[in-house]
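Just so it is clear: chains get the letters A, B, ... in the order the sequence lines come, proteins before strands, and each one is counted from 1. Remember, predicted model here, so these are calculated numbers, not experimental data.
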Amino acid sequence: MKIATWNINGVKARIENLVAWLKESQPDIVCLQEIKTVDEGFPRADVEALGYNIETHGQKGFNGVAILSKLPFDEVIRGLPGDDEDDQARFIEGVFSVVDAKGRKTALRVVSLYLPNGNPISEDRKFGYKLRWMARLERWAAERLRLEEPLVLAGDYNVIPEKEDARRWQDWVNDALFQPESRQAFRRLLSLGFTESIRSVTDSPEVYTFWDYQAGAWQKNNGIRIDHLLLSPEASNTLRGAVVEKHVRSWEKPSDHVPVAIDLEITVPV
DNA sequence: ATGGTCGTCCCACGA
């Protein structure tokens with residue numbers, strides 16, 4: 001089973017790219033971030049025509065996440081618990097019935113998350129919100145891990161985990177994406193028992209998922225790696241591969257992020 | 001240090 005995550009930076013502006021990529025990549029489940037539309041504005045027909053079910057958690061103008069799936073959804077949960085005042089659409093969880101590598105039926109949980117950017121770090125309503133959101137995510141994840149089910153926590157984390165995850169880490173020392181607090185919170189989340197997919201298959205530097213539109217960042221390969229798929233032990237056991245689909249950044253009218261995909265030894269019930 | 005580019009929506013704002 002192929003599961004991918006992609007910050008699409010506006011699904012209405014990117015629908016042609018999305019359709020072309022779905023046809024090429026053939027993922028079973030897709031986590032989208034920054035759809036930048038209310039639920040009613042999602043271009044459903046183009047995606048449904050390719051055989052996908054669609055669940056969205058949209059918002060006007062900004063943010064917004066979605067999950068596309070060839071499998072039917074057993075359950076959908078919108079929003080990250082822990083703050084009733086938080087009305088930003090950054091989290092959606094889908095539950096699916098699957099068969100694991102040993103032929104046992106199990107639930108597969110897949111989350112599409114869009115972690116707050118957090119800039120500027122001088123503003124509590126930005127950087128404080130990011131860190132509080134990460135603390136909520138850690139509490140939620142600890143609870144979910146107790147289920148001992150395959151769980152994929154995928155999305156735009158807006159965190160550069162290590163220096164080698166940026167072409168020029170010096171450029172990011174005052175940025176929320178590379179603050180010690182952000183990186184520590186990401187490490188705390190990992191240390192609950194998650195495996196970070198890309199780093200479990202390669203040590204090589206210069207694996208990036210985002211290149212800014214400005215200042216020729218793509219042409220100079222001035223990128224950062226901020227889109228991650230975290231796997232519970234039960235999902236990690238089934239990991240066969242992980243790739244960054246870098247070529248999508250060179251397409252016409254690209255998103256500033258590219259898809260990241262994993263291959264799990266998990267199948268659909270017959 | 002500054003300016004550089006997008007998407008959404010209607011005027012800046014967020015990234």
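Rounded to the nearest Å, the gap between the P atom of B:dG7 and that of B:dG3 is 22 Å. A gap of 14 Å separates the P atoms of B:dG14 and B:dC10, to the nearest Å. The gap from the C1' atom of B:dG4 to that of B:dA15 amounts to 13 Å, rounded to the nearest Å.
The phosphate of B:dG14 has neither OP1 nor OP2 within less than 4.0 Å of any side-chain N or O from A:Arg90.
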Pairs: protein N or O with nucleotides 5-8 of chain B N or O, under 3.5 Å:
{"unit_1": "B:dG7", "atom_1": "OP1", "unit_2": "A:Arg14", "atom_2": "NH1", "d": "3.1"}

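Remark: A:Glu93 engages A:Arg144 in a salt bridge, criterion side-chain N to carboxylate O under 4.0 Å. Between A:Lys130 and A:Glu181 no salt bridge is recorded (no basic side-chain N to carboxylate O distance below 4.0 Å). A salt bridge does not link A:Glu85 to A:Arg132: none of the charged nitrogens lies less than 4.0 Å from a carboxylate oxygen.
Distance, A:Phe127 CZ to B:dA15 P: 14 Å, rounded to whole Å. When the P atom of B:dA15 is taken as reference, atom CH2 of A:Trp218 falls 23 Å away, rounded to whole Å. B:dA15 atom C1' lies 16 Å from atom CD1 of A:Ile8, rounded to whole Å. Rounded to whole Å, atom P of B:dA15 lies 11 Å from atom CG of A:Leu115. Note: NZ (A:Lys130) to P (B:dG14) measures 15 Å, nearest angstrom. Note: CG (A:Asn158) to P (B:dA15) measures 8 Å, nearest angstrom. Taking atom OH on A:Tyr157 and atom P on B:dA15, their separation rounds to 18 Å, with Å as the unit. Following rounding to the nearest Å, A:Tyr114 (OH) and B:dA15 (C1') show an atom-to-atom distance of 6 Å.
No more than 12 heavy atoms of other residues, nucleotides or ligands sit less than 6.0 Å from atom CD of A:Glu252. Atom CZ of A:Arg168 has 12 or fewer heavy atoms from other residues, nucleotides or ligands within 6.0 Å.
In this structure, A:Trp21 has its ring center closer than 6.0 angstrom to the ring center of A:Trp6.
Contacts of A:Phe210 with the nucleic acid, taken as non-hydrogen atoms under 4.0 Å apart, are absent.
Sorted pairs that involve residues 18-27 of chain A and meet salt bridge (charged side-chain N to carboxylate O under 4.0 Å, His left out), not counting sequence neighbours, are lacking altogether.
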